[in-house]
Amino acid sequence: MSQKVTDIYNELQWRQLVYQSTSDRMGSWLLERPRTVYAGFDPTSDSLHVGHLLPLLMLRRFQKAGHRPIALVGGATGSIGDPSGKSQERNLQSLDQIEANVVAIRRQMSELLDFTSSDHSALGPALLVNNYDWISQFSYLDFLRDVGKNVPVNVMISKDSVKNRLENPDVGISYTEFSYMLLQAYDFVHLNRTYGCELQLGGSDQWGNVTAGIDLARRMAGAEVFGMTCPLLTKSDGTKMGKTEGGALWLDGKKTSPYHFYQYWRNVADEDASKCLRFLTELSQEEVEHLDRCRQTEPERAASQIRLAEWLTELIHGAAALNLVRQATEIFFGGEIGKFESDDDLNQIFAEVPSSRLAASRLAEGLAIADALVEAKLTKSKGEARRVVVEGGAYVNNRRIESETHQITTADLSSPTMIVLRRGKKNYALLRVVE
RNA sequence: GGGGGGAUACCAAAGUGGCCAACUGGGACAGACUGUAAAUCUGUUGUCUUCGGACUUCGCAGGUUCGAAUCCUGCUCCCCCCA
């Protein structure tokens with residue numbers, strides 16, 4: 001059981017994760033003794049996504065350094081909607097929905113933080129709290145008398161998150177969203193009183209909310225507490241990291257498959273790779289710098305991206321899932337698909353590839369390639385299918401079909417009942433033979 | 001209320017009796033190149049086909065004609081100007 005703290009501030013600095021800090025002696029303060037730190041997460045969906053990863057990993061780093069992290073899910077604040085970074089008023093979610101989201105998020109967090117053992121910190125395991133538990137206890141009147149009295153409105157309206165909305169007469173801001181900051185600020189006070197929490201972490205867009213909490217803690221409790229923000233994870237083109245065509249990149253394997261999760265990181269632009277390695281992995285400084293050099297000398301090997309993708313996939317989905325993803329990647333971007341003894345392996349590798357049923361009798365008498373493509377729904381019509389074949393874009397088991405009149409037979413089965421069809425570079429479909 | 005213009009394929013936009021399954025651009029899809037990148041280049045882009053062609057499509061419904069996206073009548077919707 002290690003009770004000592006390691007120099008996390010130094011680590012955060014070389015990772016360039018310190019954006020703003022309320023104290024210039026943060027480093028030594030963190031070395032004095034284990035501290036309790038918290039970061040908040042809004043339960044806006046039933047899964048965390050890549051946008052949550054950075055602060056979550058921050059908490060993980062603090063835990064590994066000997067501090068005690070508190071992950072706060074905003075069952076109360078999330079029901080209000082944070083105006084920070086939002087140009088428009090948000091729709092309120094139902095409390096039932098939020099409750100369900102909290103349950104799901106809690107499960108995901110327990111994969112990254114240790115909520116059970118005291119191995120990491122003398123202060124004990126990580127904590128998971130829901131601010132709905134204490135904020136819902138307040139009556140409106142109590143809240144105004146105890147909390148609101150300590151908050152000057154002129155300070156609130158000078159915060160960027162509020163100011164931006166006030167200056168835009170078209171959208172404005174509701175009293176509800178305006179109050180968000182107050183609730184979040186009170187969270188810090190509550191956590192300080194209840195758990196001795198002294199530091200709030202957040203993305204740089206949370207600076208206003210963080211400092212609001214610090215001010216409130218001083219006024220209400222006379223407590224000196226601290227705040228620190230990390231940079232936002234953005235791409236070099238200015239857009240958000242973790243955005244896919246289908247929306248967010250989720251941590252839930254059912255919403256974003258491990259394969260797609262892996263591929264996202266595998267395809268990170270060179271310019272963004274170093275930032276991702278520093279922000280999102282726990283690789284050593286030596287290794288990160290080594291990968292930086294490799295990217296200069298032999299970018300085509302994509303060593304950084306592969307390391308990043310493997311590290312994150314293993315962290316989020318586990319070693320077994322990573323292994324399958326590796327196999328799938330090899331096949332999807334590699335050569336031919338050989339014969340598989342059983343359907344199981346192919347099934348797992350092509351788990352998310354759409355499949356269609358095909359009567360065994362049709363295969364026995366030979367199936368024209370164009371018909372097969374239509375059956376597999378890879379093309380909308382036979383005309384389109386023929387065109388694809390002529391263009392050289394049709395593949396059976398990753399072997400290109402040269403002839404428009406090619407027939408598919410039982411000899412093309414890759415496993416006892418499956419044939420792998422492909423249109424173009426990576427549009428796969430399975431044909432499953434049924435009696 | 002009066003006057004004018006328009007509706008064409010996924011989107012934009014030509015076509016104003018046969019040469020129109022319909023110019024062109026974008027998108028999309030394939031291919032080449034490449035680092036599973038970006039850019040670039042090439043091709044394809046209604047359905048079916050025994051590859052000869054057949055069939056459906058230019059807002060909707062009728063009509064004229066040997067023949068209509070194109071002309072006529074009615075209907076629906078959209079835009080602009082004036083009041």
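Every chain is numbered from 1, with letters handed out A, B, ... down the list of sequences.
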Student: Centroid separation under 6.0 Å, is that true for the rings of A:Tyr38 and A:Phe188?
Tutor: yes

Student: Mark yes or no for whether A:Arg278, through its side chain, and A:Trp14, through its backbone, hold a donor-acceptor pair below 3.5 Å.
Tutor: yes

Student: Quick one: which of B:G31, B:A30, B:U45 gets closest to the side chain of A:Arg387?
Tutor: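 Shortest atom-to-atom distance from the side chain points to B:U45.
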
Student: In terms of side-chain heavy atoms of A:Ser381, which of B:G31, B:G35, B:U47 is nearest?
Tutor: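 The closest nucleotide is B:U47.
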
Student: Should the ring pair A:Phe178 and A:Tyr175 be called parallel, tilted or perpendicular, given that the plane angle runs from 0 to 90° and is split at 30 and 60?
Tutor: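 A:Phe178 vs A:Tyr175 ring planes: tilted.
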
Student: In whole angstrom, give me the gap between the C1' atoms of B:A9 and B:G27.
Tutor: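 Between the two C1' atoms, the distance is 13 Å.
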
Student: Can you tell me how far P in B:A14 sits from the matching atom in B:G3, rounded to whole Å?
Tutor: 27 Å

Student: Quote, to the nearest angstrom, the C1' distance that separates B:U56 from B:A69.
Tutor: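 That atom pair is separated by 14 Å.
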
Student: Within the 4.0 Å heavy-atom criterion, would you say A:Asn427 contacts the bases, only the backbone, or no part of the nucleic acid?
Tutor: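 Sugar-phosphate only.
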
Student: B:U36, OP1 or OP2 - any side-chain N/O from A:Thr329 closer than 4.0 Å?
Tutor: no

Student: What integer number of Å spans the P atoms of B:U8 and B:C79?
Tutor: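 One P to the other, the span is 14 Å.
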
Student: Which whole number of Å gives the distance between the C1' atom of B:C48 and that of B:A21?
Tutor: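 Comparing C1' positions in B:C48 and B:A21 gives a spacing of 14 Å.
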
Student: Has A:Arg423 got a side-chain N or O lying under 4.0 Å from the OP1 or OP2 atom of B:C29?
Tutor: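 Looking at the OP1 and OP2 atoms of B:C29, neither is under 4.0 Å from any side-chain N or O of A:Arg423.
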
Student: Under 4.0 Å: is that the gap between some side-chain N or O of A:Asn267 and OP1 or OP2 of B:G35?
Tutor: no

Student: Can you tell me how far C1' in B:A68 sits from the matching atom in B:U57, rounded to whole Å?
Tutor: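 Those two atoms are separated by 13 Å.
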
Student: Determine whether the aromatic ring centres of residues A:Tyr259 and A:Phe332 are separated by less than 6.0 angstrom.
Tutor: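 Close enough - the centres of the two rings lie under 6.0 Å apart.
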
Student: In whole Å, what is the span from the CD atom of A:Glu384 to the P atom of B:A21?
Tutor: 22 Å

Student: Which nucleotide in the set B:G31, B:C51, B:G35 lies at the smallest distance from any side-chain heavy atom of A:Arg386?
Tutor: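 Of all the options, the side chain of A:Arg386 is nearest to B:C51.
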
Student: Taking the C1' atom of each, how far is B:C81 from B:U70, in whole Å?
Tutor: 28 Å

Student: Nearest of B:A30, B:G35, B:U34 to any side-chain atom of A:Gln305?
Tutor: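 Of the options given, the side chain of A:Gln305 lies nearest B:G35.
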
Student: Using the closest heavy atom to pick a nucleotide of RNA chain B for each, name whichever of A:Pro299 or A:Lys380 lands nearer the 5' end.
Tutor: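 Closer to the 5' end of RNA chain B: A:Pro299.
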
